[in-house]
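These figures come from a predicted structure and were not determined experimentally.
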Amino acid sequence: MIPYLITIAILVIIAALIGLALNLQWGLAGLVNFGVVGFVAIGAYTTALTAPSIGWLPAMILAALIAAALSAGLALLSIRLEENYLAIITIGFGEAVRLVILNEGWLTNGALGIANIQRPFASLTEQFGGDIVFVIFAIGVLAVVFVALEGWTRAPFGRALRAIRDDATISAALGKPVFALRVRAFAIGGAVMGLAGALQAFYLTYIDPSQFSAIVTSYAFMAVIAGGRGSNVGLLVGAGSIMALLEGTRFLKDFISVIDGVQLSALRLGLIGVGIILQLILRPQGLVPEARRKAADVLAKPREAA
Amino acid sequence: MRTVCALDGLRRGGAVDKRPAFLEVCTVTKRYGGLVALDACTLSIATGGITGLIGPNGAGKTTLLNVMTGLVRPDSGTVHLSGADITSLPVHRFAEMGMARTFQIVRELGSLTVFENLLLAPRHQSGEGVGAALFGRRKWWAEEHANAVRARALLERIGLWHLADQPSSGLSGGQKKLLDIARALLLEPQLILLDEPGAGVSPPLKLEMIRLVRELRAEGVTFGIVEHDMHLIGELCDHVHVMAEGRLLVSGSFEQISRDPRVVEAYLGAAA
Ligand SMILES: Nc1ncnc2c1ncn2[C@@H]1O[C@H](COP(=O)(O)OP(=O)(O)OP(=O)(O)O)[C@@H](O)[C@H]1O
Ligand SMILES: [Mg+2]
């Protein structure tokens with residue numbers, strides 16, 4: 001049971017990282033990204049390919065940087081255009097990444113994938129056994145990312161992104177460099193997705209193209225919608241409950257004998273869909289509303305931000 | 001360029017504003033399909049003054065304001081600010097150049113609170129940088145505090161202080177208009193272009209607005225005001241341009257233009 005819980009914990013952490021990234025791009029900045037999984041895959045493959053030669057930490061940093069650079073590039077190409085075009089371009093990007101991974105066998109080993117990826121702190125892992133060391137490591141990564149994103153969200157940077165999401169024209173007329181801010185938000189989000197991919201590669205120690213299907217993107221959107229667009233705390237709750245629902249309902253088949261496994265897995269996804277729809281009707285702002293700065297906080301004596 | 005514009009104005013308008021121009025629009029043309037919204041329009045806004053811009057519905061006033069602030073690119077013609085050509089400057093640079101504007105149809109930043117709307121506006125916020133947002137916290141927090149004090153004073157003045165922490169999407173039409181003006185003021189501009197600031201605002205607050213504009217003018221701020229409320233124009237403006245069908249029809253003092261038969265005709269013509 002404990003190993004199973006640990007597996008769920010790590011899956012939740014990876015999903016939360018991806019969700020946090022999308023929450024910055026789409027939740028806060030209003031930039032839709034249907035190619036989320038492409039950036040995760042880039043991060044995973046960069047890590048898997050470079051970690052043996054340059055070590056796990058430089059590999060993770062490289063994964064984040066490459067994903068960020070690709071995000072920025074994509075944003076530069078398309079953000080001037082309407083939201084719909086960004087949607088189309090990111091869908092195309094996600095699909096292109098999948099095809100490249102599948103077909104450029106010399107680099108990615110094609111459909112067979114890459115095996116035997118060394119985890120960070122491999123020797124410690126042997127000592128303490130199981131995945132406990134990796135869980136702590138993953139929590140550490142999530143904590144750092146969460147603190148940074150929360151910092152950005154609550155800073156004038158985040159407020160400017162929210163303003164641009166609400167109305168880009170007004171924001172520009174108020175002197176905000178709309179284009180530059182959007183590119184930055186998109187790049188930061190891409191970096192975090194790359195990190196999530198790196199964690200996934202390390203955790204599974206094996207990656208192949210089938211892990212990077214469009215469902216990863218869908219889960220990220222579900223987490224953002226459930227948690228509340230723009231709220232990082234909400235995102236954690238949203239990602240947690242969606243993964244808990246997905247994984248928890250696995251056990252249903254032990255209790256229900258009338259349906260088989262395949263039917264059940266379809267049913268589980270359906271349940272989440274129904275849950276999201278119910279939520280959009282009953283609580284459209286999500287589980288946790290977006291944080292807003294209170295006038296009294298700023299008017300109080302200058303001090304470190306709360 | 002400047003002389004060309006001035007001569008053009010002389011030929012058309014009659015009484016030319018002799019003070020130095022802060023903002024100049026030179027033979028600007030803007031077409032929307034077959035419709036000519038601006039037809040070689042030439043006019044200027046004098047430094048330190050309050051210039052009115054009036055004309056019947058569809059005369060092209062809003063379009064002209066959009067051209068002046070970079071939101072609409074003219075098909076031909078130029079816009080000069082203190083002599084510098086700013087026609088093709090990106091929109092966000094206009095604020096940096098000391099220009100601010102409000103909108104005829106207010107498009108508020110609905111998910112921001114009233115107070116956040118105001119805190120957003122000030123220029124040069126270090127906390128908008130990716131690095132400084134995280135690592136320069138003390139600095140941007142101090143900036144926020146200073147901006148907040150000014151924002152509070154403005155909100156009290158326009159009677160919106162009690163709504164500071166409400167989402168701005170919940171404001172009434174007139175309140176949104178006032179918020180829009182307050183937001184523009186926090187940019188600390190040298191030139192403010194107001195598109196129908198009085199529309200939908202109650203009489204006492206309109207008086208407050210007039211007082212506010214006068215005070216700022218005394219501090220050296222230049223104004224351009226589009227308005228249908230002739231009382232407000234008469235109270236505030238020291239020079240008025242009348243537009244019709246995308247062109248400058250007449251300019252002069254409020255008394256001059258209100259006596260001018262062409263102005264009456266333009267308004268009646270539009271109504272007929
Ligand atoms: N984006 C646009 N597309 C097509 N036509 C437009 C557009 N913007 C303005 N126009 C047309 O240009 C003309 C001038 O419009 P404008 O909004 O500048 O008038 P206005 O003087 O501000 O009028 P009002 O007093 O009613 O606000 C109108 O005939 C309008 O229909
Ligand atoms: Mg108008």
Using modelled atom types only, decide if a donor and an acceptor are shared between the side chain of A/Trp152 and the backbone of B/Val130 within a distance under 3.5 Å.
yes
Is it the case that over 12 heavy atoms from other parts of the model lie below 6.0 angstrom from the CD1 atom of B/Ile105?
no
Of all heavy-atom pairs between A/Arg293 and B/Trp140, which one has the smallest distance, and what is that distance?
NH2-CH2, 4.0 Å
Looking at every heavy atom in both A/Asp297 and B/Trp141, which two are closest together, and how far apart are they?
O-CZ2, 3.7 Å
Is any residue of residues 112-126 of chain B within less than 4.5 Å of chain A by heavy atoms, and which ones?
B/Leu112, B/Thr113, B/Phe115, B/Glu116, B/Leu119, B/Leu120, B/Ala121, B/Pro122, B/Gln125
Here the pair of heavy atoms bringing B/Ala95 nearest to A/Leu174 is CB-C, 4.0 Å
When every non-hydrogen atom of A/Leu181 is compared with those of B/Glu128, the smallest separation belongs to CD2-O, 4.0 Å
Let me know if A/Ile188 has heavy atoms under 4.5 Å from chain B in its side chain, its backbone, both or neither.
side chain
Most heavy-atom pairs under 4.5 angstrom with chain B, which of A/Ala173, A/Gly151, A/Ala185, A/Ser171?
A/Ala173
Atom pair CZ/OG1 of B/Arg107 and A/Thr169 - distance to nearest 0.5 Å
4.5 Å
Pick one of side chain, backbone, both or neither for B/Thr69, based on which atoms fall under 4.5 Å of a heavy atom in chain A.
neither
Is it the case that over 12 heavy atoms from other parts of the model lie below 6.0 angstrom from the CZ atom of B/Arg31?
no
Any idea which of B/Leu134, B/Leu187, B/Val91 has the most non-hydrogen atom pairs under 4.5 angstrom with chain A?
B/Leu134
Engaged part of A/Arg292 at the chain B interface, taking heavy atoms whose separation is under 4.5 Å:
both
Does some side-chain heavy atom of A/Pro156 sit less than 4.5 Å from a side-chain heavy atom of B/Glu143?
no
Determine yes or no for a side-chain-to-main-chain donor-acceptor pair under 3.5 angstrom, with B/Asp165 supplying the side chain and A/Lys294 the backbone.
no
